[in-house]
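Data block below; observations after.
Indexing begins at 1, ligand by ligand and atom by atom, following the structure's order.
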Amino acid sequence: MRLIQFQFILIFISLKKNCFGNEEIVTLANDENLKYRLHYHIMASSGWMNDPNGFSFFNGDYHIFYQHNPYEVTPGNVHWGHVKSKDLVHWKYLPNALTPGEPYDRNGCFSGTAIVDGNNLILFYTGNVDENNSTNYSSQNQNMALSGDGVKFEKFSRNPIIPFPPEDGGSAFRDPKVWKHEDNWYLLMGNQAKENGRVVLYESKDLKNWNYIGVLASSWNGSLGYMWECPDFFKLNESYVLIFSPQGLERDGDKYANLYQTGYVVGGYCYEYNHFSYGHFTEMDFGHDFYAMQTMETPDKRRVGVAWMGMWESNFPESEEGWAGALTIPRELYLEEGKLIQKPIRETKLLRKSLLFSKLITVNGMEEICELKAAEIDIDTKLCADIDEFGFVLDDQEGLVVKFYLNETDKTFNLDRGDEDPRKTGFEELLYLKMQIFLDASSLEVFLNDGEITFTSRIYPNQSPLLSIFSRGSCALDVDVKIFELENIWEKCN
Ligand SMILES: *[C@@H]1O[C@H](CO)[C@@H](O)[C@H](O)[C@H]1NC(C)=O
Ligand SMILES: *[C@@H]1O[C@H](CO)[C@@H](O)[C@H](O)[C@H]1NC(C)=O
Ligand SMILES: *[C@@H]1O[C@H](CO)[C@@H](O)[C@H](O)[C@H]1NC(C)=O
Ligand SMILES: *[C@@H]1O[C@H](CO)[C@@H](O)[C@H](O)[C@H]1NC(C)=O
Ligand SMILES: *[C@@H]1O[C@H](CO)[C@@H](O)[C@H](O)[C@H]1NC(C)=O
Ligand SMILES: *[C@@H]1O[C@H](CO)[C@@H](O)[C@H](O)[C@H]1NC(C)=O
(Lines give C-alpha, C1' and ligand atoms only; values in the text may rest on other atoms or scores of the structure.)
(Ligands and ions follow the chains in the order given, each with its own letter.)
Protein backbone atom coordinates (compact mmCIF):
# COMPACT_ATOMS: atom_id res chain seq x y z
CA MET A 1 0.00 0.00 0.00
CA ARG A 2 2.71 2.43 1.01
CA LEU A 3 4.78 1.42 -1.98
CA ILE A 4 1.89 2.04 -4.35
CA GLN A 5 1.25 5.42 -2.84
CA PHE A 6 4.90 6.32 -3.09
CA GLN A 7 5.04 5.38 -6.77
CA PHE A 8 1.93 7.34 -7.53
CA ILE A 9 3.29 10.50 -5.92
CA LEU A 10 6.58 10.17 -7.72
CA ILE A 11 4.92 9.87 -11.10
CA PHE A 12 2.54 12.69 -10.40
CA ILE A 13 5.24 15.08 -9.30
CA SER A 14 7.62 14.25 -12.11
CA LEU A 15 4.90 14.67 -14.73
CA LYS A 16 3.69 17.89 -13.27
CA LYS A 17 7.01 19.52 -12.61
CA ASN A 18 9.09 18.49 -15.56
CA CYS A 19 7.10 17.46 -18.59
CA PHE A 20 3.68 19.01 -18.39
CA GLY A 21 3.06 22.69 -18.08
CA ASN A 22 -0.50 21.98 -17.02
CA GLU A 23 -1.86 20.64 -13.85
CA GLU A 24 -2.81 17.06 -14.63
CA ILE A 25 -6.54 16.63 -14.40
CA VAL A 26 -6.94 13.26 -16.06
CA THR A 27 -4.12 11.12 -14.65
CA LEU A 28 -2.22 8.94 -17.08
CA ALA A 29 -1.99 5.24 -16.37
CA ASN A 30 1.14 3.94 -14.68
CA ASP A 31 4.20 3.97 -16.96
CA GLU A 32 4.23 0.22 -17.65
CA ASN A 33 0.68 0.36 -18.93
CA LEU A 34 1.33 3.08 -21.49
CA LYS A 35 1.84 0.79 -24.46
CA TYR A 36 0.07 3.12 -26.91
CA ARG A 37 1.82 6.32 -25.84
CA LEU A 38 3.56 7.82 -28.89
CA HIS A 39 7.29 8.59 -29.00
CA TYR A 40 7.66 11.42 -31.48
CA HIS A 41 4.17 12.71 -32.23
CA ILE A 42 2.30 15.58 -30.64
CA MET A 43 -0.42 14.08 -28.47
CA ALA A 44 -2.58 15.16 -25.56
CA SER A 45 -0.54 15.41 -22.36
CA SER A 46 -3.59 13.70 -20.88
CA GLY A 47 -7.30 13.92 -21.68
CA TRP A 48 -8.69 14.36 -25.18
CA MET A 49 -7.40 16.22 -28.27
CA ASN A 50 -8.48 16.74 -31.88
CA ASP A 51 -7.80 19.46 -34.53
CA PRO A 52 -4.46 21.31 -34.68
CA ASN A 53 -4.86 25.09 -34.20
CA GLY A 54 -2.74 28.22 -34.33
CA PHE A 55 0.27 26.69 -36.13
CA SER A 56 2.75 29.59 -36.15
CA PHE A 57 6.30 30.83 -35.59
CA PHE A 58 6.88 33.48 -32.92
CA ASN A 59 10.10 34.77 -31.29
CA GLY A 60 12.19 31.81 -32.45
CA ASP A 61 9.70 29.07 -31.59
CA TYR A 62 7.15 27.09 -33.56
CA HIS A 63 3.80 26.91 -31.80
CA ILE A 64 1.03 24.38 -32.25
CA PHE A 65 -2.22 24.51 -30.31
CA TYR A 66 -4.90 21.86 -30.37
CA GLN A 67 -8.52 21.25 -29.44
CA HIS A 68 -8.23 19.79 -25.97
CA ASN A 69 -10.47 18.51 -23.19
CA PRO A 70 -8.26 18.31 -20.10
CA TYR A 71 -11.10 16.89 -17.96
CA GLU A 72 -12.02 13.75 -19.88
CA VAL A 73 -10.72 11.42 -22.57
CA THR A 74 -13.76 12.23 -24.70
CA PRO A 75 -14.58 15.41 -26.68
CA GLY A 76 -16.06 18.36 -24.77
CA ASN A 77 -15.10 21.38 -22.67
CA VAL A 78 -12.86 22.55 -25.49
CA HIS A 79 -9.66 24.33 -24.42
CA TRP A 80 -6.65 25.12 -26.57
CA GLY A 81 -3.75 22.88 -25.56
CA HIS A 82 -0.30 24.21 -26.46
CA VAL A 83 3.13 22.89 -27.42
CA LYS A 84 6.20 24.65 -28.77
CA SER A 85 9.40 23.67 -30.51
CA LYS A 86 12.63 25.12 -31.89
CA ASP A 87 12.90 22.62 -34.74
CA LEU A 88 9.38 21.30 -35.50
CA VAL A 89 10.21 17.85 -34.12
CA HIS A 90 11.18 18.27 -30.44
CA TRP A 91 8.10 19.63 -28.65
CA LYS A 92 7.35 20.64 -25.12
CA TYR A 93 4.08 21.26 -23.36
CA LEU A 94 2.96 24.70 -22.26
CA PRO A 95 -0.08 25.57 -20.14
CA ASN A 96 -3.43 25.59 -21.94
CA ALA A 97 -3.67 28.79 -23.96
CA LEU A 98 -7.47 29.19 -24.02
CA THR A 99 -10.06 28.12 -21.46
CA PRO A 100 -13.77 28.48 -22.18
CA GLY A 101 -15.68 30.68 -19.78
CA GLU A 102 -16.63 34.02 -21.29
CA PRO A 103 -20.34 34.34 -22.19
CA TYR A 104 -19.46 34.06 -25.90
CA ASP A 105 -17.23 30.96 -25.58
CA ARG A 106 -18.63 29.30 -22.47
CA ASN A 107 -19.21 25.98 -24.24
CA GLY A 108 -15.88 25.79 -25.99
CA CYS A 109 -12.97 27.57 -27.65
CA PHE A 110 -13.26 25.94 -31.04
CA SER A 111 -10.65 25.75 -33.82
CA GLY A 112 -8.74 28.64 -35.35
CA THR A 113 -5.34 29.96 -36.29
CA ALA A 114 -2.59 32.32 -35.11
CA ILE A 115 -0.70 35.21 -36.62
CA VAL A 116 2.18 37.37 -35.48
CA ASP A 117 1.56 41.11 -35.46
CA GLY A 118 4.17 43.43 -33.98
CA ASN A 119 5.16 41.99 -30.62
CA ASN A 120 2.11 39.81 -30.25
CA LEU A 121 1.14 36.28 -31.06
CA ILE A 122 -2.60 36.55 -31.74
CA LEU A 123 -5.02 33.64 -31.74
CA PHE A 124 -8.27 33.68 -33.71
CA TYR A 125 -10.85 31.14 -32.61
CA THR A 126 -14.52 30.30 -32.62
CA GLY A 127 -16.49 30.84 -29.44
CA ASN A 128 -19.19 28.25 -29.04
CA VAL A 129 -22.33 28.57 -26.94
CA ASP A 130 -24.94 25.83 -26.79
CA GLU A 131 -27.87 28.08 -25.93
CA ASN A 132 -28.33 30.90 -28.37
CA ASN A 133 -29.83 33.35 -25.93
CA SER A 134 -27.75 36.47 -26.53
CA THR A 135 -28.73 39.23 -28.91
CA ASN A 136 -25.07 40.23 -29.12
CA TYR A 137 -23.62 37.17 -30.87
CA SER A 138 -24.73 33.89 -32.35
CA SER A 139 -23.99 30.42 -31.05
CA GLN A 140 -20.74 30.35 -33.05
CA ASN A 141 -18.79 33.60 -33.14
CA GLN A 142 -15.21 34.67 -33.86
CA ASN A 143 -12.76 35.96 -31.28
CA MET A 144 -9.18 36.84 -30.68
CA ALA A 145 -6.70 36.46 -27.82
CA LEU A 146 -3.31 38.15 -27.55
CA SER A 147 0.02 37.23 -26.00
CA GLY A 148 3.29 39.12 -25.67
CA ASP A 149 5.28 36.12 -24.41
CA GLY A 150 3.68 33.29 -26.42
CA VAL A 151 2.59 31.55 -23.21
CA LYS A 152 -0.15 33.57 -21.52
CA PHE A 153 -3.05 34.72 -23.67
CA GLU A 154 -5.58 37.39 -22.91
CA LYS A 155 -8.93 37.42 -24.67
CA PHE A 156 -9.64 40.70 -26.45
CA SER A 157 -11.98 42.97 -24.45
CA ARG A 158 -14.26 43.62 -27.43
CA ASN A 159 -14.82 39.99 -28.40
CA PRO A 160 -16.55 38.68 -30.43
CA ILE A 161 -14.85 40.45 -33.33
CA ILE A 162 -17.25 38.75 -35.77
CA PRO A 163 -20.43 38.07 -33.79
CA PHE A 164 -22.79 36.85 -36.51
CA PRO A 165 -22.56 34.81 -39.71
CA PRO A 166 -23.28 36.56 -43.03
CA GLU A 167 -26.99 37.19 -43.54
CA ASP A 168 -27.42 34.35 -46.00
CA GLY A 169 -25.37 31.95 -43.87
CA GLY A 170 -26.43 29.43 -41.25
CA SER A 171 -25.30 29.29 -37.65
CA ALA A 172 -22.54 26.74 -38.42
CA PHE A 173 -19.81 29.36 -38.71
CA ARG A 174 -16.36 28.46 -37.50
CA ASP A 175 -12.59 27.83 -37.76
CA PRO A 176 -11.07 31.19 -38.81
CA LYS A 177 -7.83 31.18 -40.81
CA VAL A 178 -6.11 34.59 -40.82
CA TRP A 179 -3.29 35.85 -43.04
CA LYS A 180 -1.87 39.08 -44.41
CA HIS A 181 -1.74 40.08 -48.06
CA GLU A 182 -0.18 43.43 -48.92
CA ASP A 183 -1.70 45.89 -46.41
CA ASN A 184 -4.77 43.88 -45.54
CA TRP A 185 -5.60 41.10 -43.18
CA TYR A 186 -7.90 38.35 -44.43
CA LEU A 187 -9.98 35.89 -42.45
CA LEU A 188 -11.50 32.82 -44.07
CA MET A 189 -13.82 30.44 -42.29
CA GLY A 190 -16.21 27.55 -42.70
CA ASN A 191 -19.92 28.23 -43.00
CA GLN A 192 -23.08 26.63 -44.28
CA ALA A 193 -25.85 28.04 -46.44
CA LYS A 194 -28.95 26.01 -47.30
CA GLU A 195 -27.23 22.70 -46.52
CA ASN A 196 -24.19 23.60 -48.65
CA GLY A 197 -20.72 23.84 -47.19
CA ARG A 198 -18.73 26.94 -48.10
CA VAL A 199 -15.91 29.23 -47.00
CA VAL A 200 -16.53 32.93 -46.42
CA LEU A 201 -13.96 35.73 -46.50
CA TYR A 202 -13.52 38.88 -44.40
CA GLU A 203 -11.07 41.73 -44.63
CA SER A 204 -9.57 44.05 -42.01
CA LYS A 205 -6.97 46.78 -41.62
CA ASP A 206 -6.57 46.44 -37.85
CA LEU A 207 -7.58 42.83 -36.98
CA LYS A 208 -10.43 44.15 -34.82
CA ASN A 209 -12.95 45.45 -37.34
CA TRP A 210 -13.82 43.00 -40.09
CA ASN A 211 -15.76 43.57 -43.31
CA TYR A 212 -17.52 40.74 -45.00
CA ILE A 213 -16.30 40.28 -48.58
CA GLY A 214 -18.19 37.20 -49.72
CA VAL A 215 -18.01 33.51 -50.53
CA LEU A 216 -14.60 32.25 -51.68
CA ALA A 217 -15.69 28.70 -52.59
CA SER A 218 -18.78 26.62 -52.06
CA SER A 219 -20.36 23.22 -52.46
CA TRP A 220 -22.99 24.93 -54.64
CA ASN A 221 -25.53 22.18 -54.96
CA GLY A 222 -24.44 20.06 -52.05
CA SER A 223 -22.12 17.95 -54.21
CA LEU A 224 -19.28 18.65 -51.77
CA GLY A 225 -21.01 18.33 -48.45
CA TYR A 226 -23.27 20.27 -46.10
CA MET A 227 -20.51 21.92 -44.05
CA TRP A 228 -16.85 22.77 -44.63
CA GLU A 229 -14.57 22.87 -41.61
CA CYS A 230 -11.04 24.12 -40.97
CA PRO A 231 -10.21 25.93 -44.22
CA ASP A 232 -6.65 26.91 -45.07
CA PHE A 233 -5.78 29.02 -48.10
CA PHE A 234 -2.32 29.85 -49.44
CA LYS A 235 -0.25 30.48 -52.52
CA LEU A 236 2.08 27.71 -53.62
CA ASN A 237 4.12 27.90 -56.81
CA GLU A 238 1.96 30.61 -58.40
CA SER A 239 -1.24 28.69 -57.72
CA TYR A 240 -3.65 29.00 -54.82
CA VAL A 241 -4.51 26.00 -52.70
CA LEU A 242 -7.64 25.73 -50.57
CA ILE A 243 -7.51 22.88 -48.05
CA PHE A 244 -10.71 22.14 -46.21
CA SER A 245 -12.56 19.37 -44.42
CA PRO A 246 -16.03 18.82 -45.89
CA GLN A 247 -18.71 17.01 -43.92
CA GLY A 248 -21.45 15.09 -45.67
CA LEU A 249 -19.67 13.45 -48.62
CA GLU A 250 -21.10 10.04 -49.39
CA ARG A 251 -18.67 7.17 -49.75
CA ASP A 252 -17.97 6.67 -53.45
CA GLY A 253 -16.15 3.37 -54.05
CA ASP A 254 -12.70 3.75 -52.48
CA LYS A 255 -13.20 7.50 -52.12
CA TYR A 256 -14.47 9.34 -49.04
CA ALA A 257 -14.26 6.23 -46.89
CA ASN A 258 -13.94 8.09 -43.56
CA LEU A 259 -16.81 9.82 -41.79
CA TYR A 260 -15.42 13.23 -42.84
CA GLN A 261 -12.74 14.05 -45.38
CA THR A 262 -9.82 16.43 -45.74
CA GLY A 263 -8.80 17.51 -49.21
CA TYR A 264 -7.96 20.39 -51.48
CA VAL A 265 -8.69 22.28 -54.65
CA VAL A 266 -6.11 24.22 -56.68
CA GLY A 267 -6.72 27.27 -58.81
CA GLY A 268 -6.15 30.90 -59.54
CA TYR A 269 -7.23 33.68 -57.21
CA CYS A 270 -7.75 37.38 -57.65
CA TYR A 271 -7.94 39.41 -54.43
CA GLU A 272 -9.44 42.41 -56.15
CA TYR A 273 -12.64 40.58 -57.09
CA ASN A 274 -12.43 37.73 -54.56
CA HIS A 275 -12.56 35.39 -57.52
CA PHE A 276 -11.24 31.85 -57.08
CA SER A 277 -11.46 29.54 -60.10
CA TYR A 278 -10.50 26.04 -59.16
CA GLY A 279 -10.55 22.40 -60.24
CA HIS A 280 -11.89 19.24 -58.63
CA PHE A 281 -11.68 18.26 -54.97
CA THR A 282 -8.97 15.70 -54.11
CA GLU A 283 -8.59 13.83 -50.84
CA MET A 284 -5.25 14.35 -49.12
CA ASP A 285 -4.78 11.01 -47.38
CA PHE A 286 -6.18 7.51 -47.77
CA GLY A 287 -5.84 6.12 -44.24
CA HIS A 288 -8.41 5.99 -41.44
CA ASP A 289 -7.19 8.89 -39.33
CA PHE A 290 -6.52 12.22 -40.99
CA TYR A 291 -8.46 15.44 -40.51
CA ALA A 292 -8.33 19.24 -40.43
CA MET A 293 -4.87 19.86 -41.84
CA GLN A 294 -3.54 23.29 -40.91
CA THR A 295 -0.47 24.87 -42.52
CA MET A 296 1.98 27.70 -41.92
CA GLU A 297 4.90 29.18 -43.81
CA THR A 298 8.24 28.60 -42.09
CA PRO A 299 10.78 31.45 -41.91
CA ASP A 300 12.60 29.79 -44.85
CA LYS A 301 9.35 29.84 -46.88
CA ARG A 302 8.35 26.20 -46.76
CA ARG A 303 4.63 25.42 -46.52
CA VAL A 304 4.30 22.93 -43.67
CA GLY A 305 1.10 21.29 -42.43
CA VAL A 306 -0.07 19.07 -39.58
CA ALA A 307 -3.38 17.25 -39.26
CA TRP A 308 -5.31 15.52 -36.54
CA MET A 309 -4.35 11.84 -36.70
CA GLY A 310 -7.85 10.79 -35.79
CA MET A 311 -11.43 10.69 -37.01
CA TRP A 312 -14.71 11.02 -35.17
CA GLU A 313 -15.77 7.42 -35.69
CA SER A 314 -12.41 5.99 -34.53
CA ASN A 315 -12.26 4.08 -31.24
CA PHE A 316 -9.23 5.60 -29.48
CA PRO A 317 -8.25 2.54 -27.39
CA GLU A 318 -5.54 4.71 -25.78
CA SER A 319 -8.28 6.38 -23.74
CA GLU A 320 -7.88 3.55 -21.21
CA GLU A 321 -4.40 5.02 -20.60
CA GLY A 322 -5.81 8.47 -19.79
CA TRP A 323 -5.26 10.19 -23.15
CA ALA A 324 -6.79 10.21 -26.64
CA GLY A 325 -5.68 11.77 -29.91
CA ALA A 326 -2.51 12.89 -31.68
CA LEU A 327 -1.29 14.91 -34.64
CA THR A 328 0.55 13.69 -37.73
CA ILE A 329 4.23 14.44 -38.16
CA PRO A 330 4.66 17.85 -39.85
CA ARG A 331 4.66 17.52 -43.64
CA GLU A 332 6.04 19.86 -46.25
CA LEU A 333 3.60 20.57 -49.06
CA TYR A 334 4.56 20.88 -52.72
CA LEU A 335 2.56 21.29 -55.90
CA GLU A 336 3.56 19.09 -58.78
CA GLU A 337 1.43 19.26 -61.91
CA GLY A 338 -1.51 20.54 -59.93
CA LYS A 339 -1.24 17.76 -57.36
CA LEU A 340 -0.50 18.42 -53.70
CA ILE A 341 2.49 16.38 -52.50
CA GLN A 342 3.20 15.76 -48.80
CA LYS A 343 6.71 14.92 -47.63
CA PRO A 344 7.92 14.50 -44.07
CA ILE A 345 9.73 17.75 -43.25
CA ARG A 346 13.50 17.43 -43.47
CA GLU A 347 13.83 18.02 -39.70
CA THR A 348 12.27 14.58 -39.21
CA LYS A 349 15.79 13.22 -39.75
CA LEU A 350 16.76 14.79 -36.41
CA LEU A 351 14.67 12.09 -34.75
CA ARG A 352 16.94 9.30 -36.04
CA LYS A 353 18.64 7.70 -33.05
CA SER A 354 20.39 4.81 -34.76
CA LEU A 355 20.49 2.93 -38.04
CA LEU A 356 19.01 -0.44 -37.09
CA PHE A 357 19.07 -2.13 -40.47
CA SER A 358 20.49 -1.33 -43.90
CA LYS A 359 20.56 -4.04 -46.54
CA LEU A 360 19.68 -4.92 -50.07
CA ILE A 361 17.48 -7.99 -49.70
CA THR A 362 15.86 -10.29 -52.22
CA VAL A 363 12.17 -10.69 -51.59
CA ASN A 364 10.24 -13.61 -52.98
CA GLY A 365 7.59 -14.52 -50.44
CA MET A 366 7.74 -13.36 -46.82
CA GLU A 367 10.98 -11.92 -45.34
CA GLU A 368 10.98 -11.30 -41.60
CA ILE A 369 13.03 -8.23 -40.67
CA CYS A 370 12.78 -7.29 -36.97
CA GLU A 371 10.53 -6.06 -34.17
CA LEU A 372 10.02 -2.32 -34.06
CA LYS A 373 8.36 0.17 -31.76
CA ALA A 374 9.16 3.69 -33.04
CA ALA A 375 10.95 3.72 -36.37
CA GLU A 376 11.35 5.12 -39.84
CA ILE A 377 11.38 2.36 -42.45
CA ASP A 378 12.58 3.26 -45.94
CA ILE A 379 11.86 0.67 -48.62
CA ASP A 380 12.89 1.14 -52.27
CA THR A 381 12.44 -1.31 -55.08
CA LYS A 382 12.24 -1.60 -58.83
CA LEU A 383 9.09 -3.52 -59.59
CA CYS A 384 9.19 -6.39 -62.05
CA ALA A 385 6.56 -7.15 -64.65
CA ASP A 386 5.32 -10.35 -63.02
CA ILE A 387 4.70 -9.03 -59.56
CA ASP A 388 1.17 -9.45 -58.16
CA GLU A 389 1.57 -7.99 -54.68
CA PHE A 390 4.29 -6.22 -52.77
CA GLY A 391 4.23 -4.68 -49.32
CA PHE A 392 4.87 -5.08 -45.63
CA VAL A 393 3.24 -6.65 -42.61
CA LEU A 394 3.31 -5.57 -38.97
CA ASP A 395 2.42 -8.51 -36.72
CA ASP A 396 2.25 -8.09 -32.95
CA GLN A 397 2.12 -11.90 -32.62
CA GLU A 398 -0.90 -11.54 -30.34
CA GLY A 399 -3.51 -11.37 -33.07
CA LEU A 400 -3.01 -7.99 -34.72
CA VAL A 401 -1.77 -8.18 -38.31
CA VAL A 402 -1.54 -4.91 -40.26
CA LYS A 403 -0.84 -5.32 -43.95
CA PHE A 404 0.09 -2.59 -46.43
CA TYR A 405 0.55 -3.62 -50.04
CA LEU A 406 0.40 -2.82 -53.69
CA ASN A 407 -1.99 -4.99 -55.69
CA GLU A 408 -0.86 -5.03 -59.30
CA THR A 409 -4.04 -6.78 -60.49
CA ASP A 410 -6.33 -3.87 -59.76
CA LYS A 411 -3.51 -1.29 -59.45
CA THR A 412 -4.24 -0.25 -55.89
CA PHE A 413 -2.44 0.46 -52.65
CA ASN A 414 -4.16 -1.19 -49.71
CA LEU A 415 -4.07 -0.77 -45.95
CA ASP A 416 -5.67 -3.64 -44.09
CA ARG A 417 -5.68 -3.48 -40.28
CA GLY A 418 -7.47 -6.80 -40.08
CA ASP A 419 -10.66 -5.04 -38.98
CA GLU A 420 -12.87 -5.50 -42.08
CA ASP A 421 -12.47 -1.80 -42.79
CA PRO A 422 -9.59 -1.70 -45.28
CA ARG A 423 -8.63 1.42 -47.22
CA LYS A 424 -7.35 1.59 -50.76
CA THR A 425 -6.60 3.97 -53.58
CA GLY A 426 -5.59 3.45 -57.19
CA PHE A 427 -2.36 4.27 -58.98
CA GLU A 428 -1.23 4.54 -62.58
CA GLU A 429 1.68 2.63 -64.13
CA LEU A 430 4.55 2.15 -61.62
CA LEU A 431 8.14 1.08 -62.28
CA TYR A 432 9.66 1.98 -58.94
CA LEU A 433 8.15 2.01 -55.51
CA LYS A 434 9.53 4.03 -52.66
CA MET A 435 7.81 3.69 -49.29
CA GLN A 436 8.77 5.89 -46.38
CA ILE A 437 7.02 4.56 -43.30
CA PHE A 438 6.73 6.18 -39.88
CA LEU A 439 5.76 3.70 -37.23
CA ASP A 440 5.14 4.90 -33.71
CA ALA A 441 3.75 2.86 -30.80
CA SER A 442 0.16 3.23 -32.04
CA SER A 443 0.35 5.02 -35.37
CA LEU A 444 1.38 4.39 -38.95
CA GLU A 445 2.09 6.96 -41.67
CA VAL A 446 3.06 5.72 -45.12
CA PHE A 447 4.46 8.12 -47.76
CA LEU A 448 4.57 6.60 -51.26
CA ASN A 449 6.91 7.76 -54.01
CA ASP A 450 8.03 10.93 -52.25
CA GLY A 451 4.65 11.91 -50.91
CA GLU A 452 2.43 11.46 -53.98
CA ILE A 453 0.11 9.30 -51.90
CA THR A 454 -0.12 9.01 -48.11
CA PHE A 455 -1.94 6.67 -45.74
CA THR A 456 -2.30 7.73 -42.09
CA SER A 457 -3.93 5.43 -39.54
CA ARG A 458 -3.80 4.58 -35.88
CA ILE A 459 -2.96 0.93 -35.16
CA TYR A 460 -2.97 -0.73 -31.75
CA PRO A 461 -0.40 -3.50 -31.34
CA ASN A 462 -0.11 -5.09 -27.90
CA GLN A 463 3.66 -5.25 -28.18
CA SER A 464 6.33 -4.13 -30.65
CA PRO A 465 5.20 -5.63 -33.95
CA LEU A 466 7.41 -7.78 -36.16
CA LEU A 467 8.04 -6.17 -39.54
CA SER A 468 8.10 -8.42 -42.61
CA ILE A 469 8.38 -7.48 -46.26
CA PHE A 470 6.58 -9.66 -48.76
CA SER A 471 5.87 -10.16 -52.42
CA ARG A 472 3.67 -12.45 -54.44
CA GLY A 473 4.32 -13.23 -58.08
CA SER A 474 6.77 -15.08 -60.25
CA CYS A 475 9.70 -12.69 -59.95
CA ALA A 476 12.01 -11.92 -57.05
CA LEU A 477 12.51 -8.28 -56.10
CA ASP A 478 15.71 -6.58 -55.00
CA VAL A 479 14.63 -4.35 -52.16
CA ASP A 480 16.71 -1.72 -50.46
CA VAL A 481 15.67 -1.51 -46.79
CA LYS A 482 16.84 1.04 -44.26
CA ILE A 483 15.43 1.26 -40.76
CA PHE A 484 16.13 4.00 -38.25
CA GLU A 485 15.14 3.80 -34.62
CA LEU A 486 13.49 7.12 -33.74
CA GLU A 487 13.84 9.08 -30.56
CA ASN A 488 11.28 9.34 -27.79
CA ILE A 489 10.95 13.13 -27.54
CA TRP A 490 8.75 12.89 -24.43
CA GLU A 491 11.05 10.58 -22.47
CA LYS A 492 13.44 13.22 -21.22
CA CYS A 493 11.54 15.90 -19.43
CA ASN A 494 12.12 19.10 -21.32
C1 LIG B 1 -27.92 31.76 -21.58
O2 LIG B 1 -28.18 30.50 -21.02
C3 LIG B 1 -27.13 30.00 -20.22
C4 LIG B 1 -27.48 28.61 -19.82
O5 LIG B 1 -28.80 28.54 -19.31
C6 LIG B 1 -26.93 30.92 -19.02
O7 LIG B 1 -25.87 30.43 -18.23
C8 LIG B 1 -26.59 32.29 -19.54
O9 LIG B 1 -26.47 33.20 -18.48
C10 LIG B 1 -27.62 32.78 -20.51
N11 LIG B 1 -27.15 34.00 -21.12
C12 LIG B 1 -27.92 35.05 -21.25
C13 LIG B 1 -27.27 36.21 -21.91
O14 LIG B 1 -29.07 35.07 -20.89
C1 LIG C 1 -24.88 43.08 -25.19
O2 LIG C 1 -24.44 44.33 -25.60
C3 LIG C 1 -24.95 45.39 -24.83
C4 LIG C 1 -24.52 46.69 -25.47
O5 LIG C 1 -23.14 46.71 -25.69
C6 LIG C 1 -24.49 45.23 -23.40
O7 LIG C 1 -25.04 46.26 -22.60
C8 LIG C 1 -24.94 43.88 -22.86
O9 LIG C 1 -24.42 43.65 -21.57
C10 LIG C 1 -24.50 42.78 -23.76
N11 LIG C 1 -25.04 41.51 -23.35
C12 LIG C 1 -24.30 40.42 -23.19
C13 LIG C 1 -25.05 39.20 -22.74
O14 LIG C 1 -23.13 40.37 -23.39
C1 LIG D 1 -28.78 32.67 -32.88
O2 LIG D 1 -29.36 33.95 -32.85
C3 LIG D 1 -29.03 34.78 -33.94
C4 LIG D 1 -29.63 36.16 -33.68
O5 LIG D 1 -30.94 36.06 -33.32
C6 LIG D 1 -29.51 34.12 -35.23
O7 LIG D 1 -29.12 34.90 -36.32
C8 LIG D 1 -28.89 32.73 -35.34
O9 LIG D 1 -29.37 32.07 -36.47
C10 LIG D 1 -29.18 31.91 -34.11
N11 LIG D 1 -28.49 30.63 -34.15
C12 LIG D 1 -29.04 29.48 -33.75
C13 LIG D 1 -28.17 28.29 -33.77
O14 LIG D 1 -30.18 29.43 -33.36
C1 LIG E 1 -24.92 20.75 -59.63
O2 LIG E 1 -26.00 19.92 -60.03
C3 LIG E 1 -26.20 19.85 -61.42
C4 LIG E 1 -27.45 19.06 -61.70
O5 LIG E 1 -27.81 18.24 -60.64
C6 LIG E 1 -24.95 19.22 -62.07
O7 LIG E 1 -25.13 19.13 -63.44
C8 LIG E 1 -23.75 20.09 -61.77
O9 LIG E 1 -22.59 19.50 -62.27
C10 LIG E 1 -23.61 20.29 -60.27
N11 LIG E 1 -22.59 21.29 -60.00
C12 LIG E 1 -21.52 21.01 -59.34
C13 LIG E 1 -20.57 22.13 -59.08
O14 LIG E 1 -21.28 19.90 -58.88
C1 LIG F 1 7.89 25.88 -56.22
O2 LIG F 1 8.23 26.87 -55.27
C3 LIG F 1 9.41 26.59 -54.57
C4 LIG F 1 9.55 27.62 -53.47
O5 LIG F 1 9.27 28.92 -53.95
C6 LIG F 1 10.58 26.56 -55.53
O7 LIG F 1 11.76 26.27 -54.83
C8 LIG F 1 10.32 25.49 -56.58
O9 LIG F 1 11.34 25.50 -57.54
C10 LIG F 1 8.99 25.71 -57.26
N11 LIG F 1 8.68 24.57 -58.08
C12 LIG F 1 8.16 24.70 -59.30
C13 LIG F 1 7.85 23.44 -60.01
O14 LIG F 1 7.91 25.77 -59.77
C1 LIG G 1 -6.12 -7.75 -55.95
O2 LIG G 1 -7.05 -7.28 -56.88
C3 LIG G 1 -7.86 -8.30 -57.44
C4 LIG G 1 -8.71 -7.66 -58.53
O5 LIG G 1 -9.54 -6.67 -57.95
C6 LIG G 1 -8.67 -8.98 -56.38
O7 LIG G 1 -9.44 -10.02 -56.93
C8 LIG G 1 -7.75 -9.52 -55.31
O9 LIG G 1 -8.48 -10.04 -54.24
C10 LIG G 1 -6.83 -8.44 -54.79
N11 LIG G 1 -5.87 -9.02 -53.90
C12 LIG G 1 -5.70 -8.58 -52.65
C13 LIG G 1 -4.73 -9.32 -51.82
O14 LIG G 1 -6.29 -7.60 -52.23
*Identified side chain to side chain donor-acceptor pair (under 3.5 Å) partner of Gln436 from the options Glu376, Lys482, Glu445*: Glu376

*asked:* Quiz question: by atom type and distance under 3.5 Å, do the side chains of Asn53 and Ser111 form a donor-acceptor pair?
replied: yes

*Glu389 neighbourhood, listing ligand 6 atoms whose heavy-atom distance to it stays under 4.0 Å*: 13 (C)

*asked:* Return the CE to OG1 distance between Met293 and Thr262, rounded to the nearest 0.5 Å.
replied: 8.5 Å

*Check ligand 6 against Tyr405 and write out every atom of the ligand that is under 4.0 Å from a heavy-atom position of the residue.*
12 (C), 13 (C), 14 (O)

*Mind checking what makes side chain to side chain contact (heavy atoms under 4.5 Å, CB included) contact with Gln397, not counting sequence neighbours?*
Glu371, Asp395, Gln463, Leu466

*Is_contact(atom 11 (N) of ligand 6), protein non-hydrogen, under 4.0 Å*: yes

_With nothing but distance in play, are any N or O atoms of Asn407 less than 3.5 Å from an N or O of ligand 6?_
yes

